[in-house]
Amino acid sequence: MADILKVIQYINPNAKCQITDNDVNQIEWLDDTTPISAEDINAKISEYENHISEQEARKASAKSKLEALGLTTEEIKEAFGI
């Protein structure tokens, strides 16, 4: 199961909330954040997970291309954090 806070931040990067037990039905919205419905959050979970998978695939691709250019794993990590 996806981290509900990360899904909320994917929907609204400025959202402020407190979540109990990673449960979409136990969200306390803070600092006048407009609430996002549990239905909307649940609908975005697979989109968020796909987004993360695509990010990881792009990082892996970039790393392999940099290694093919002769950079070491340590150089890549220090320069790019991947």
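The basis for the numbers below is simple: all heavy atoms, side chains too, and nothing from hydrogens, waters or symmetry mates. These numbers were taken from a predicted model, which means no experiment stands behind them.
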Spatial distance of atom CD (Gln9) from atom CG (Leu5) [nearest 0.5 Å]: 4.0 Å
Mind checking whether Ile36 and Leu30 sit in one hydrophobic cluster, side chains of I, L, V, M, F, W, Y counted as touching below 4.5 Å? no
Below 4.5 Å, heavy atoms only, C-beta onward: do Ile27 and Pro35 meet side chain to side chain? no
Is any side-chain heavy atom of Tyr48 less than 4.5 Å from a side-chain heavy atom of Ile41? no
Determine, step by step, whether Lys44 and Glu47 satisfy the salt bridge (Lys or Arg N to Asp or Glu O under 4.0 Å) criterion, reporting the C-alpha distance in whole Å, the side-chain angles of both residues, the deciding distance to 0.1 Å, and the verdict. CA-CA 5 Å; Lys44 287 288 186 178; Glu47 181 181 322; 3.2 Å; yes
Would you sort out whether Ile8 and Cys17 count as a side chain to side chain contact (heavy atoms under 4.5 Å, CB included), showing the intermediate values? CA-CA 9 Å; Ile8 289 169; Cys17 63; 3.9 Å; yes
Going from CD1 on Ile4 to CD on Gln26, what distance comes out if it is rounded to the nearest 0.5 angstrom? 11.5 Å
Asp3 vs Asn22 side-chain heavy atoms within contact, under 4.5 Å: yes
Is there side-chain contact between Glu67 and Lys63, with heavy atoms separated by less than 4.5 Å? yes
Under a 3.5 Å threshold, yes or no: a donor from one side chain and an acceptor from the other, between Asp40 and Ser37? yes
In Å and rounded to the nearest 0.5 Å, what is the CD to OG1 distance from Glu28 to Thr20? 8.0 Å
Output the distance between atom CG (Asn25) and atom CG (Asp23), rounded to the nearest 0.5 Å. 5.0 Å
What verdict does the side chain to side chain contact (heavy atoms under 4.5 Å, CB included) test give for Trp29 and Lys16, after you've listed the backbone C-alpha separation in whole Å, the side-chain angles of each residue and the deciding distance to 0.1 Å? CA-CA 6 Å; Trp29 298 98; Lys16 304 278 192 253; over 6 Å; no
d(Glu75 CD, Thr73 OG1) to nearest 0.5 Å is 9.0 Å
Are the side chains of Gln55 and Arg58 in touch, meaning some heavy atoms are under 4.5 Å apart? yes
Determine whether Asn42 and Val24 satisfy the following criterion, side chain to side chain contact (heavy atoms under 4.5 Å, CB included), listing intermediate values before the conclusion. CA-CA 8 Å; Asn42 285 325; Val24 295; 3.9 Å; yes
Taking Ser53 for its side chain and Glu49 for its backbone only, find out whether a donor-acceptor pair lies under 3.5 Å. yes
Output for pair (Ser64 OG, Leu66 CG), nearest 0.5 Å, gives 8.0 Å
